Peer 1: 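My questions all concern the structure below.
This is a predicted model, so every value here is computed, not measured. Quick note on labels: first sequence line is chain A, next is B, and so on, each numbered from 1. All values below were derived from every heavy atom in this structure, side-chain atoms included, with hydrogens, water molecules and symmetry-related copies excluded.
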There are 2 protein chains.
Amino acid sequence: MSKKNREKDLELIAFGITLKNIRKEKGYTQEQLSDYSRIDRSFISELENGEKAPTLLTLISLAKALRIKPSMLMQILEFELDKLTQK
Amino acid sequence: MSKKNREKDLELIAFGITLKNIRKEKGYTQEQLSDYSRIDRSFISELENGEKAPTLLTLISLAKALRIKPSMLMQILEFELDKLTQK
DNA sequence: GTGTAGACTGGCGTCGACA
DNA sequence: TTGTCGACGCCAGTCTACA
C-alpha cells in the first residue's frame, strides 16, 4: 500500500525494544549476543532500533542465545506492542 | 556449511505443520488465508511445506489472519518441534 | 559499547501459469 | 485445492570501517 512515507512498523519497534530489554536483563552486550547467536552485531543493532525485520530462523537463534523461549519472546513483544498502540 | 543435500530446518518443518494445522482448524483454504493475510498463495504453500522462512512481519500477518496470537502460534510451533526432535 | 554507512550475496515474497 | 516452476525485485543478513 502506501509505502511512500516509510515509517517503521510498530511491530519492528516493539521487537527491537523487546530484544534490547531481554539482552540487558541477561547482562549481555550486543557483541556477546552476536557471538552466541551467530548473528552479525551490526544487524542486531539495527534490529534493536526497529529498522529491520528478522526471519523466523533469526528470531529463534536470538531466543536461544538469550535462553528464552520464542513464544515467551513473542509474548513480551505483544506486551510492548500494546503499550505502543495505546499511545 | 555447504550442505549439498540441503535438508530443511526442523524449525521450518515445525512451522509449516503448525501453520497448516491452524489453517485447517479455522476451515480456510490456502487461497482464503492468502486473501486475508495478503501473502502470496504459492508462498503460503511453500511455508506449509517447510521450504521457506517467513520474516517476523509475515509471521504476524499470518497470525492475524488466523485470529491467533503470534505467541500462541510459537507455542504450538515449539510443541511440534519437540515432537520432531524426539523422533 | 553502539550506530551507521556502503557494498555485496542469498533468499524472501510476488506473479503467472499449469498439472 | 494445492504444489511447483521460472522469472524477478527487494530486503535480510554479512562484512569492513569509523565516529
Peer 1: Just how far, in rounded Å, is P of C/dG16 from CD of B/Glu46?
Peer 2: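 Checked: the CD to P distance equals 16 Å.
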Peer 1: Do the side chain of B/Thr55 and the base of D/dC11 come within less than 3.5 angstrom through a donor-acceptor pair of N or O atoms?
Peer 2: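 No, no donor-acceptor pair under 3.5 Å.
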Peer 1: Among A/Leu57, A/Leu56, A/Ile60, which one satisfies side chain to side chain contact (heavy atoms under 4.5 Å, CB included) with B/Phe15?
Peer 2: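 Result for side chain to side chain contact (heavy atoms under 4.5 Å, CB included) with B/Phe15: A/Leu56.
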Peer 1: Once ring-ring contact (aromatic ring centres under 6.0 Å, His included) is applied, do any residues pair with A/Phe43, and if so which ones, sequence neighbours excluded?
Peer 2: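 Partners of A/Phe43 by the ring-ring contact (aromatic ring centres under 6.0 Å, His included) criterion come out as none, since no residue qualifies.
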Peer 1: Separation of B/Leu59 atom CG from D/dA12 atom P, in whole Å?
Peer 2: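 Taking CG of B/Leu59 and P of D/dA12, I get 15 Å after rounding.
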Peer 1: To the nearest Å, how far apart are A/Phe43 CZ and D/dT16 C1'?
Peer 2: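 In whole Å, D/dT16 C1' lies 17 Å from A/Phe43 CZ.
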Peer 1: Can you check whether B/Arg23 has a side-chain N or O nearer than 4.0 Å to OP1 or OP2 of D/dT2?
Peer 2: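 Yes, B/Arg23 has a side-chain N/O under 4.0 Å of OP1/OP2 on D/dT2.
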Peer 1: If you only use heavy atoms from C-beta on, which nucleotide in D/dG13, C/dT4, D/dG3 is closest to the side chain of A/Pro54?
Peer 2: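 Between D/dG13, C/dT4, D/dG3, the one nearest the side chain of A/Pro54 would be D/dG13.
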Peer 1: Considering residues at least two apart in sequence or located in another chain, which fulfil the side-chain contact (heavy atoms from CB on, under 4.5 Å) criterion with A/Ile13?
Peer 2: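 Listed in chain order: A/Lys8, A/Ile17, A/Leu84.
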Peer 1: Measure the distance from CG on B/Leu57 to P on C/dT14 and round it to the nearest whole Å.
Peer 2: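 Between P of C/dT14 and CG of B/Leu57: 12 Å.
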Peer 1: Taking donor-acceptor contacts at under 3.5 Å, does the side chain of B/Thr58 reach the base of C/dC12?
Peer 2: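 No pair found.
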Peer 1: Suppose we screen for salt bridge (Lys or Arg N to Asp or Glu O under 4.0 Å). Which residues come up paired with A/Lys69, at least two apart in sequence or across chains?
Peer 2: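 If we apply the salt bridge (Lys or Arg N to Asp or Glu O under 4.0 Å) test to A/Lys69, skipping adjacent residues, there are no hits.
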Peer 1: Would you mind telling me which of D/dA12, C/dT4, C/dG16 lies closest to the side-chain atoms of A/Asn49?
Peer 2: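 Among D/dA12, C/dT4, C/dG16, the one nearest the side chain of A/Asn49 is C/dT4.
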Peer 1: Which residues pass the side-chain hydrogen bond (donor to acceptor under 3.5 Å, both in side chains) test with A/Arg38, sequence neighbours left out?
Peer 2: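 Result, side-chain hydrogen bond (donor to acceptor under 3.5 Å, both in side chains) vs A/Arg38: none returned.
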Peer 1: Could you give the CG-to-C1' distance, from B/Leu12 to C/dG11, as a whole number of Å?
Peer 2: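 Checked: the CG to C1' distance equals 12 Å.
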Peer 1: Can you measure B/Lys52 atom NZ to C/dG13 atom P for me and round it to whole angstrom units?
Peer 2: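 It is 9 Å, rounded to the nearest whole Å.
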Peer 1: Counting side-chain heavy atoms from CB outward, which of D/dT16, C/dT2, D/dT2 is closest to B/Gln30?
Peer 2: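 Looking only at side-chain atoms, B/Gln30 lies closest to D/dT2.
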Peer 1: OP1 or OP2 of D/dT1 less than 4.0 angstrom from a side-chain nitrogen or oxygen of B/Lys20, does that happen here?
Peer 2: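 So the side chain of B/Lys20 is outside the cut-off, no N or O lying under 4.0 Å from OP1 or OP2 of D/dT1.
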Peer 1: Measure the distance from CD1 on A/Ile60 to P on D/dG13 and round it to the nearest whole Å.
Peer 2: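 Going from A/Ile60 (CD1) to D/dG13 (P), I get 12 Å.
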Peer 1: Could you check which residues of residues 31-41 of chain A get a heavy atom under 4.0 Å from DNA chain D? Sort them by number, please.
Peer 2: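 Contacts with DNA chain D under 4.0 Å: A/Arg38, A/Ile39, A/Asp40, A/Arg41.
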Peer 1: Tell me, please, which residues at least two apart from B/Ser34 pass side-chain hydrogen bond (donor to acceptor under 3.5 Å, both in side chains).
Peer 2: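 For B/Ser34 there are no side-chain hydrogen bond (donor to acceptor under 3.5 Å, both in side chains) partners, ignoring immediate neighbours.
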Peer 1: With respect to the side chain of A/Ser45, which nucleotide from C/dG13, C/dG3, C/dG1 is positioned closest?
Peer 2: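 My answer, after comparing the listed nucleotides, is C/dG3.
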Peer 1: What bend angle does the helix from C/dT2-D/dA19 to C/dA19-D/dT2 show across its length, from five-pair end axes and to the nearest 10 degrees?
Peer 2: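 The angle, to the nearest 10 degrees, is 50°.
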Peer 1: Which whole-number value in Å describes the distance from B/Ile44 CD1 to D/dT4 P?
Peer 2: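 Value for this atom pair: 15 Å.
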Peer 1: Residues in ring-ring contact (aromatic ring centres under 6.0 Å, His included) with A/Phe79, at least two apart?
Peer 2: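 Testing A/Phe79 for ring-ring contact (aromatic ring centres under 6.0 Å, His included), a comparison that skips the adjacent residues, returns none.
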Peer 1: Which pairs, with at least one residue in residues 13-23 of chain A and sequence neighbours excluded, count as a side-chain hydrogen bond (donor to acceptor under 3.5 Å, both in side chains)?
Peer 2: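 Residue pairs with at least one partner in residues 13-23 of chain A: A/Arg23-A/Glu48.
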Peer 1: Got more than 12 heavy atoms from elsewhere within 6.0 Å of NZ, B/Lys26?
Peer 2: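 Result for NZ/B/Lys26: enclosed.
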Peer 1: Between C/dC15, C/dT4, C/dG13, which one does the side chain of A/Glu51 approach most closely?
Peer 2: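 Among C/dC15, C/dT4, C/dG13, the one nearest the side chain of A/Glu51 is C/dT4.
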Peer 1: B/Ser45 vs B/Ser42, test: side-chain hydrogen bond (donor to acceptor under 3.5 Å, both in side chains). Steps then yes/no.
Peer 2: CA-CA 5 Å; B/Ser45 171; B/Ser42 70; over 6 Å; no
